[in-house]
Visitor: 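Okay, here's the structure, questions in a sec.
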Amino acid sequence: AYQRVGAHYSFERRMAAELGADWPTKFASFEREAVAAASLGQVHRATTHEGAAVACKLQYPDMQSAVEADLSQLKVILGLFERYDQAISTSEVQKEIADRLREELNYGLEARHMTLYGEMLKNVPRVHVPKVFPELSTGRLLTMSWLEGEKILTFVNEHADLKNQLAATMFKAWYTPFYHYGVIHGDPHLGNYTVRPDGEVNLLDYGCIRTFKPKFIGGVLDLYKALQTEDLELAVHAYESWGFFGLKKETIEVLNIWAKFLYAPVLEDKVRPLDQTHSGQYGQATAAQVHRKLREVGGVTVPREFVFMDRAAIGLGSVFLHLDAQVNWYRLFHELIEGLELADLATVEKRQQGAYKMGGVPLRYGQTSAGGILCRRNVSAGGSLLPLHNGHAFAPFTALFESAIVRAITDMHIAPFRGFGRCATIGAAMKLAVLKERRPHERRVAATPDSVKTVSYTHLAGDSQM
């Protein structure tokens, strides 16, 4: 770990590299002690000469090398996994993770994502997006307006009467961009937003954003209708529009088992918790059943488009379970999709093009020159590996995939790769699997995947406590 003096020196040098040697003169005030730590950078509070309170997110040094090392290790681990278990092919998963993770290193792109979200959510009530200060931002420094708020669970502990309102707000904040613009925020974990005193929500991080072609939205709606009407032919069309190929009837039937479980909250027109069993056993049993049947029918290749959409849905479901929210998910869903039929997807495409042009974001569907995804969680936020029943509608495969990997790693008794905990959800799941039997005092971070990443990044952040 850095000593405090060394960390301070590195911070000064990094700020000078981004804004010049005279960088302190560009702020009226600047707090040199970070107020928050994330997996790719740290956040400082400052004030502009115009009196605006701002948050300055400064990337840790040498992150590009660290990310490439992570991706190399991820490729090795997934290769070992496929030799052990051929139920799920990981080829497209690897590509998607690589692209999105490299994008997260580009704070200039994140700034444009922030502007894009400001446009997409401008008419969604109770949701706030920071404004970018481009003159104080670079590719590794992002300066945005400071939004006051407290952590969502802290807020709910004191305002339990607002938990259902918060859940509805979060649902709209995540799925309005998806259904109206073909965009999903891939990292809804608890550290990426705060709640204002009046219960309104601040969305803070925009590094992990995924864009979809409008036909993908059509596939989501088609599968919803197919599950309602038990229309197998329509389900096949939906899966194919998502990027599945060569599906046999038996494979479709297996995928539908998982989809029915996860779509359940939006198939019933009633107020209900996300998980009516109040137990992880049902989700685990369903995942095990699907995994077993996929092996029997020869496995499946997961399209890359699914990776972060599923991660978003699973993560958001975890938030709803933490809130213990009871909402009519069916009506929330139908409010978003009302009037959105396949004939209207051309309208979605035009809306998408207009928003991306306004935000200055290149309109590419996944494959980018910057590379592609691994969502990072705020290491100070805490967390745990998401249980299988935390997923909700539109998250058909990520939990199943993670469960299979953890099972494979545990069965093979693979020793943890040094530093592999940096690799987001999948990496955290793997490392957690091999650390879970250790006693807490043997390694500070054996308890949670978020803290697993703390091991790898704390020395970059200058935490002398390690």
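These numbers were taken from a predicted model, which means no experiment stands behind them.
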Visitor: Taking all non-hydrogen atoms of both residues into account, name the closest pair between K260 and L227 and its distance.
Guide: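 Here K260 and L227 meet closest at CG-CD2, 3.5 Å.
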Visitor: Any idea which heavy atoms bring L345 and K215 closest together, and the distance?
Guide: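 Closest pair (atom of L345, atom of K215, distance): CD1-CA, 4.3 Å.
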Visitor: Are any of the side-chain nitrogens in E335 or R331 under 4.0 Å away from the carboxylate oxygens of its partner?
Guide: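 Answer for the salt bridge query: no.
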Visitor: Side-chain contact, heavy-atom cut-off 4.5 Å: T169 with E200?
Guide: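 Result no, sub-4.5 Å side-chain heavy-atom pair not found.
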Visitor: Tell me the closest heavy-atom pair linking Q42 and Y60, and the distance in Å.
Guide: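 Shortest heavy-atom contact: OE1-CE2, 3.3 Å.
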Visitor: Tell me whether the centres of the aromatic rings in F333 and Y175 are closer together than 6.0 Å.
Guide: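 Between F333 and Y175, the centre distance exceeds or equals 6.0 Å.
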Visitor: Can you give me the closest heavy-atom contact between Q59 and M63, atom names plus distance?
Guide: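 Closest heavy-atom pair between Q59 and M63: OE1-CB, 3.6 Å.
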Visitor: Would you call K163 and D324 a salt bridge, using N to O less than 4.0 angstrom?
Guide: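 Salt bridge: yes.
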Visitor: Evaluate the ring planes of H185 and Y117, with Trp represented by its six-membered ring, and classify them as parallel (under 30°), tilted (30 to 60°) or perpendicular (over 60°).
Guide: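 Ring orientation of H185 relative to Y117: perpendicular.
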Visitor: If only atom types and distance count, is the side chain of E96 paired as donor or acceptor with the main-chain N or O of P303 below 3.5 Å?
Guide: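 Not confirmed, E96 side chain does not pair with P303 backbone.
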Visitor: For D161, is there any backbone N or O sitting under 3.5 Å from a side-chain donor or acceptor partner on H159?
Guide: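 Checked: no pair found.
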Visitor: So that I can tick it off, tell me whether K213 and E349 are bridged by a salt bridge, with the cut-off set at under 4.0 angstrom between side-chain N and carboxylate O.
Guide: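 Salt bridge between E349 and K213, a charged N being under 4.0 Å from a carboxylate O: no.
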Visitor: Taking ring pair (Phe, Tyr, Trp, His ring centres under 6.0 Å) as the test, write out the residues that go with H334, two or more places apart.
Guide: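 Ring pair (Phe, Tyr, Trp, His ring centres under 6.0 Å) check on H334 returns Y224, Y330.
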Visitor: Would you say T211 and Y356 are linked by a side-chain donor-acceptor pair, where the criterion is simply a distance under 3.5 Å?
Guide: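 T211 and Y356 do have a side-chain donor-acceptor pair below 3.5 Å.
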Visitor: Could you tell me if the side chain of K57 sits less than 4.5 Å from the side chain of D205, heavy atoms only?
Guide: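 Side-chain contact under 4.5 Å: yes.
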Visitor: Are the side chain of W242 and the backbone of E305 linked by a donor-acceptor contact shorter than 3.5 Å?
Guide: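 Side chain of W242 to backbone of E305, a donor-acceptor pair under 3.5 Å: no, none is there.
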Visitor: Measuring only between side-chain heavy atoms, which start at C-beta, is D231 closer than 4.5 Å to K225?
Guide: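 No; the side chains remain at least 4.5 Å from each other.
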Visitor: Just wondering, do H180 and R351 contact through their side chains at under 4.5 Å, heavy atoms?
Guide: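 Yes - at least one pair of side-chain heavy atoms lies under 4.5 Å apart.
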Visitor: Work out which heavy atom in W329 is nearest to a heavy atom in R272; give both atom names and the distance.
Guide: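 Smallest interatomic distance, heavy atoms only, reads NE1-O, 3.0 Å.
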Visitor: Closest approach of P188 and A312, non-hydrogen atoms and distance?
Guide: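 What the structure gives for the nearest pair is CG-O, 3.2 Å.
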Visitor: Contact between V300 and L247 at the side-chain level, heavy atoms closer than 4.5 Å - yes or no?
Guide: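 Of all side-chain heavy-atom pairs linking L247 with V300, at least one is under 4.5 Å.
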Visitor: For Q326, does its backbone N or O pair with a side-chain atom of N164 as donor and acceptor, under 3.5 Å?
Guide: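 The answer is yes, because a donor-acceptor pair under 3.5 Å joins these two groups.
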Visitor: Is K270 salt-bridged to E268, cutoff N-O under 4.0 Å?
Guide: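 Result for this pair is yes, salt bridge flagged.
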